[in-house]
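Side chains are part of it too, since the values below use all heavy atoms of this structure and drop only hydrogens, waters and symmetry mates. Both counts, for ligands and for their atoms, begin at 1 and track the order of listing.
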Amino acid sequence: MKKKSPSLATRAIHGTKLHPYKGPVTLPIYQTSTYRFENSNDAVLYANGDPNVYVYSRYHNPSVEEVEAKLATMYHAEATVLFSSGMAAISTAILSVVSAGDEILSTPALYGGTYRFFRDVLPKFGVTVTYVDPKDLAACSALATPKTKLFFCESPTNPTVELVDLYRAIAEVKKAEKKHRTRIVTMLDNTFASVLHQDPFAIGFDLAVESATKYIGGHSDLLAGAVIGTKKDLKQVRQVAKYLGGCADPFAAFLISRSLKTFELRVQRQTENAMALAKALEKHPKVLRVLYPGLKSHPQHALAKKQMSGFGAMLLIEVKGGVNGAAKVCDSLCVAVNAMSLGGVETLVSIPVYSSHVNMSDAELAMHGVTPGMIRISAGAEGIDDLIGDFRQALDRL
Ligand SMILES: Cc1ncc(COP(=O)(O)O)c(C=O)c1O
């Protein structure tokens, strides 16, 4: 009989340690940059690939490794590489796949940092990005070329909480692979959904990336990122990570390990709050629209039910009065905090044209579906009546 897999909550609390063992209950912090050799032969053993010899914390660190193993079990994946930030994870994972002359196929609605990396950095190294409209994923085959090595996407997208049809995207990339007889690595930024609500590997992606700064960290007190996938794919990511140097800090690893013990509780509560807040805000006369995948009014509600197991805790509202209206609401909030980032237990609000999409041209804003009156809300875990009351009083001032 197949042994039943422990639940996500159990895996997030215990990681791989679901067996009797002697030792600390919580994660020890190996706050060291380097490791003492028993004798010089250890250096030789390391050079020959002995995994039991520790050399230098940019390469490996026991605290970091334990969190990597925990995240891998949470994703039911073979391996994880932990990084110093989500952008370190994304840029390193991408640079481990592409070389000069290669092409990336991506959906256009992306976190601003990823989009700018595609626009401003990759072309300097001879890597170009072609965008496929998520409403026309059939175009993947025509847009891909024999040089296409990576398909990248984000769903739900930042900040407009739109979805990409992920099953369809994988199917279309497979067709393009067949047509061009090449491997196209598929990579999903799973930050908005988190592993609680979306399983990239069940959908068919090769690699998942997450800003662990957000739901994995969950308390707005650390920066980290993760790349999750097979041992084979991650071997290459780890190799490039060594030289780009975006390794995770052992103290951040400790904080993550602690945060993961409440991962399911937090994200579940945040998701419930997001739904209740979205429903309440939909009724407010100063709110032009609410975008939340859990609402029946969301144009992709059916798709959300198909590819996600929950709707997440990110929502977006557009208020009357454009950017001035949005600023007035954000400046009047007392419970919700006017700050960038997302995923923490405190509700955060930000105005995309002032934050993730600042200084973008009108054409770029249109491409990302961003308008001046938008407020992105990352629902926290506060009491829901306090949150609804706070948004109502702020909107009433408009
Ligand atoms: C969807 C998404 N991906 C990646 C990142 C980058 O993560 P980090 O800030 O940890 O580098 C962010 C940051 O906001 C994000 O929202």
Just to check, does [X] reach to within less than 4.0 Å of ligand 1 when the distance is taken from its heavy atoms?
X: Lys214; value: yes
X: Ile90; value: yes
X: Gly112; value: no

Starting from [atom], which protein heavy atom do you reach first, and at what distance in Å?
atom: atom 8 (P) of ligand 1; result: Gly86 N, 3.3 Å
atom: atom 7 (O) of ligand 1; result: Ser211 OG, 3.0 Å
atom: atom 6 (C) of ligand 1; result: Tyr111 CE2, 3.5 Å
atom: atom 3 (N) of ligand 1; result: Asp189 OD2, 2.7 Å

Hits for side chain to side chain contact (heavy atoms under 4.5 Å, CB included) against Ala171, two or more places apart or cross-chain, chain-then-number order -> none
May I ask you to check whether His60 and Tyr46 place their ring centres under 6.0 Å from each other?
-> yes
Hey, which atoms in ligand 1 end up nearer than 4.0 Å to a heavy atom of [X]?
X: Glu154; answer: 1 (C)
X: Asn158; answer: 16 (O)
X: Leu342; answer: 16 (O)

For a quick test of your reading: what N or O donor-acceptor pairs under 3.5 Å do the side chains of residues 10-25 make, sequence neighbours left out?
| unit_1 | atom_1 | unit_2 | atom_2 | d |
| --- | --- | --- | --- | --- |
| Thr10 | OG1 | Ser7 | OG | 3.0 |
| Arg11 | NE | Pro6 | O | 2.9 |
| Arg11 | NE | Ser7 | O | 3.4 |
| Arg11 | NH1 | Thr73 | O | 2.9 |
| Arg11 | NH1 | Met74 | O | 3.0 |
| Arg11 | NH1 | His76 | NE2 | 3.3 |
| Tyr21 | OH | Pro24 | O | 3.2 |

- Message: Pairing donors with acceptors under 3.5 angstrom, does anything connect the side chains of Asp396 and His284?
- Response: yes
